[in-house]
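Note that these values count all heavy atoms, side chains included, but never hydrogens, waters or copies made by symmetry. In the text below, chain A, chain B and the rest are named by the order of the sequence lines, each starting its count at 1.
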Amino acid sequence: MTKPARVRVAPSPTGDPHVGTAYMALFNKAMADTTGGKFVLRIEDTDRARYVADSEAQIFEALAWLSLNPDEGPEGHGGPGGPFGPYRQSERLPLYKEAADRLVKEGKAYRCFCTSDRLDTLRKIQQAEKSKFIGYDGLCRGLSKEDVAANIAAGKPHVVRLKLRQDNEIQTSDLFRGQINFIGAEQQDPVLLKTDLFPTYHLAMAVDDHAMGITHVIRAEEWIPSLPIHFELYRAFGWDAPVFAHMPLLRNKDKSKISKRKNPTSLLWYRDAGFLPEALKNFLGLMGFSLPNDQEFFSYAEFLQHFELTKVNIGGPIFDLQKLHWLNGEYIRKLSDAELEARLVEYVQHLMHREREFADLPEDQLPQETFLRDFEQKRRRWSRTLGGLAPELMTSFEVNPALLKPIMPLIRERLHTLCEAADYLPMFFTNRFEYTREMFVPKKQTPEGAVAALKAARDIITAADFNDPTLKEQLDNEFRTKAEAMGQKIGPFLGPLRVALTGSTVSPPLVESAMVLGKEETLHRVENALKFLG
RNA sequence: GGCCCCGUCAUCUAACGGUUAGGAUACUGCCCUUUCAAGGCAGCGAUACGGGUUCGAAUCCCGUCGGGGUCACCA
């Protein structure tokens, strides 16, 4: 067993909680839990321009939904607090200022008075000249003490930049990839402290990770290019650097970094779409990691039993919603009737109380990839259906808590996501169907045959005793016998009855559904249909 | 474009330097079937390419190609 690791996930509250945050949270938490360490949540709210007020609360909620709660983190929203707080960077501003000042005093950083305009122009010129080096030219490095003092006296705004070594190789390392070297001269002096006295990511990360005793920085691969900054920062401060481990980036189907346009990225979306948190977590655990013996299903506890950070596969995995869809179906099938019912009730309540359609892109911005687009369109339709059904369902449910129980076995194996219940649930709560004549006439069936079959079915149901324990077998047999007598196949024979009872050509098993509806309601629906067919 | 990372079926992945390169999703076919599912069986399908090292390479080395990330007073 290795030493207890202190790890963290550090999202910035700039929008919907991101699936990548959950991915990092999972592996960080696993690292903490397998070493007896601590998993810290730090809110990186240093960009006041992109700050979104309720984002932090949603991050908490999303992590809680996935049971990826931090051991330490900001207080509020049920956050745990902890001995290394505050855990919001906006509440730690003096620390960064102090750290930056220290580096300036020691000559390891300097004040830069260059304007954004100058920087933009500089960059444009470099790009126009096809310069290999694109970035800050270090103009203010050479400013004398007097110049700096004069500029400050004149009230010129400034930033603090780290004086990066420009001569030799900057050696960095990554747990998975080993040593990674960068040429100092190819790096630009990064901004540490912004004009508004907020730190940039680099400064805040180094100061906080050091102050919070972080031992392993497990973060996304996109940070590798800033490794020289981070190593040089630690060196400038004279601190030991933590172990850096850069996880592969989750990808879109086209292998680019996962993005909202091409894939759902919001955890709220996954919840809205009816994915189970344990399925999503399992799926995320499959990204870049595998358990022995081809084990694909695992609880978090099982994940921990086999988790080893060094076993991570660093090839960037494509986030395949289709496989998640399958996996989620497997998880749903494992739920007991009572559990599935509870999940559905919770889910429907969630839909009912939510204030907006989360992650709702305009139609023309839906993902191009067929499966994703179809899935999102269905999701919206399902969502609307269930949303509309919700008040009625919840009321009936409160009146009769046993209501859903008999339905669960009929729909469980038909669901991949909870929202797909919209295909099967409404028929048990309403008989106002919008069917068409065509729906009553399946393939290998005629309009006359359909009416005849429906009437025959009505007679059989009328004669049936719904209290008889062998009702199902009886109805099965009688339908079959009658169909045969009428020269019809059982499928086309029952088609019209299916539409009459369920309002759809697709439904849970018919006889069982009729039994849930009861004799009176079943006959009522058949009569309605016959009336409709004239 | 510079720098950096990565490269096993379409996708997620397995394989002490020795396997007919395994499993799963998806897809296809058959079976089951009262629609839709679920389930069962089967099929399709990969070591990017070229050089080395080695008795032997998916595995080690080099090159090429391909993909990705990054080049902000965003994280």
Distance flag, aromatic centroids of A:Tyr110 and A:His158, threshold under 6.0 Å: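 Centroid separation for A:His158 and A:Tyr110: 6.0 Å or greater.
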message: Between A:Phe283 and A:Phe319 (judged by ring centroids, cut-off 6.0 Å), do the two rings come close enough to count as a pair?
response: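 Judged by ring-centre distance (under 6.0 Å), A:Phe283 and A:Phe319 do meet the cut-off.
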Provide, to the nearest angstrom, the distance between the [atom1] atom belonging to [X] and the [atom2] atom belonging to [N].
X        : N     : atom1 : atom2 : answer
A:Ile229 : B:C4  : CD1   : C1'   : 13 Å
A:Phe244 : B:C5  : CZ    : C1'   : 16 Å
A:Glu129 : B:G2  : CD    : P     : 17 Å
A:Glu221 : B:C3  : CD    : P     : 18 Å
A:Leu327 : B:U13 : CG    : P     : 14 Å
A:Lys253 : B:C12 : NZ    : C1'   : 11 Å
A:Met247 : B:C6  : CE    : P     : 14 Å
A:Leu250 : B:G68 : CG    : C1'   : 13 Å

query: Taking RNA chain B as the partner, which of residues 494-511 of chain A come within under 4.0 angstrom of it by heavy atom?
result: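 Close to the strand are A:Leu494, A:Arg498, A:Thr505, A:Val506, A:Ser507, A:Pro508, A:Pro509, A:Leu510, A:Val511.
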Given the [atom1] atoms of [N] and [M], what is the spacing between them in whole Å?
N     : M     : atom1 : answer
B:U35 : B:G43 : C1'   : 27 Å
B:A48 : B:G67 : C1'   : 11 Å
B:U70 : B:U64 : C1'   : 23 Å
B:A58 : B:C31 : C1'   : 37 Å
B:U8  : B:G45 : C1'   : 12 Å
B:C5  : B:A10 : C1'   : 24 Å
B:G17 : B:G52 : P     : 23 Å
B:U59 : B:U47 : C1'   : 10 Å

message: With a 3.5 Å cut-off and heavy atoms only, can you find an N or O donor on one side and an acceptor on the other between the side chain of A:Arg414 and the base of B:C36?
response: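 For A:Arg414, whose side chain was compared with the base of B:C36, there is a donor-acceptor pair (under 3.5 Å).
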Set out, line by line, the N/O atom pairs under 3.5 Å between protein and nucleotides 42-45 of chain B.
none

- request: Could you tell me which residues satisfy side chain to side chain contact (heavy atoms under 4.5 Å, CB included) with A:Ser116, sequence neighbours excluded, listed by chain and number?
  value: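 Expected list: none.
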message: Looking at A:Asn282 and A:Glu296, would you say the former's side chain and the latter's main chain have a donor-acceptor pair under 3.5 Å?
response: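 Between the backbone of A:Glu296 and the side chain of A:Asn282 there is a qualifying donor-acceptor contact (under 3.5 Å).
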field: Ionic contact status for A:Lys323 with A:Asp320, cut-off 4.0 Å
entry: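 No salt bridge links A:Asp320 with A:Lys323.
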statement: Protein heavy-atom contacts under 4.0 Å, written 5' to 3' over nucleotides 15-27 of chain B as B (base), S (sugar-phosphate only) or - (none), form the string -------BBBSS-
Nucleotide-resolved protein contact map, nucleotides 70-75 of chain B, B/S/- at heavy-atom distance under 4.0 Å: SSSBBB
- prompt: Given A:Lys378 and A:Asp374, is the salt bridge (charged side-chain N to carboxylate O under 4.0 Å, His left out) satisfied, shown in steps?
  reply: CA-CA 6 Å; A:Lys378 277 185 191 163; A:Asp374 290 356; over 6 Å; no
Which nucleotide, if any, forms a Watson-Crick or G-U wobble pair with [N], using both distances under 3.5 Å?
N     : result
B:G66 : B:C6
B:U59 : none
B:C36 : none
B:U54 : none
B:C71 : B:G1
B:C27 : B:G43
B:A14 : none

Quick one: label [X] by what it contacts on the DNA or RNA (base, sugar-phosphate, nothing), any heavy atom closer than 4.0 Å.
X        : value
A:Asp476 : base
A:Met287 : sugar-phosphate
A:Gly329 : nothing

Looking just at side-chain N and O atoms, do [X] and [Y] make a donor-acceptor pair shorter than 3.5 Å?
X        : Y        : result
A:Ser290 : A:Asn313 : no
A:Glu232 : A:Gln187 : no
A:Asp117 : A:Thr115 : no

Between [X] and [N], is there a side-chain N or O to OP1/OP2 distance below 4.0 Å?
X        : N     : answer
A:Lys255 : B:G69 : no
A:Arg251 : B:G68 : no
A:Asn313 : B:A14 : yes

[X]: partners by ring-ring contact (aromatic ring centres under 6.0 Å, His included), with sequence neighbours left out:
X        : answer
A:Trp326 : A:Phe297
A:Tyr300 : none
A:Tyr87  : none
A:Tyr136 : none

task: Write out all pairs satisfying side chain to side chain donor-acceptor pair (under 3.5 Å) with one or both partners inside residues 41-53 of chain A, taking only residues at least two apart or from two chains.
output: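 Side chain to side chain donor-acceptor pair (under 3.5 Å) check on residues 41-53 of chain A returns A:Arg42-A:Glu44, A:Arg42-A:Asp209, A:Glu44-A:Gln89, A:Asp45-A:Ser90, A:Asp47-A:Arg50, A:Arg48-A:Asp196.
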Pair listing, side chain to side chain donor-acceptor pair (under 3.5 Å) test, anchored in residues 407-418 of chain A, at least two apart: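 Qualifying pairs, neighbours excluded: A:Asp337-A:Arg412, A:His416-A:Glu420, A:Thr417-A:Glu420.
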message: Let me spell it out: for each of A:Ser256 and A:Glu413, pick the nucleotide of RNA chain B with the closest heavy atom. Which residue's pick is nearer the 5' end?
response: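 Nearest nucleotide further toward 5': that of A:Glu413.
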- prompt: Relative to the 5' end of RNA chain B, which residue comes earlier, A:Lys472 or A:Pro317, by the nucleotide with the nearest heavy atom?
  reply: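 By nearest-heavy-atom nucleotide position, the 5'-most residue is A:Pro317.
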task: Write down the atom of A:Pro74, the atom of A:Phe60, and the distance for their closest heavy-atom approach.
output: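 Smallest heavy-atom distance, with atoms named: O-CZ, 3.7 Å.
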query: What pairs meet the salt bridge (Lys or Arg N to Asp or Glu O under 4.0 Å) rule with one or both residues in residues 124-138 of chain A, with sequence neighbours excluded?
result: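 Qualifying pairs, neighbours excluded: A:Arg118-A:Asp137.
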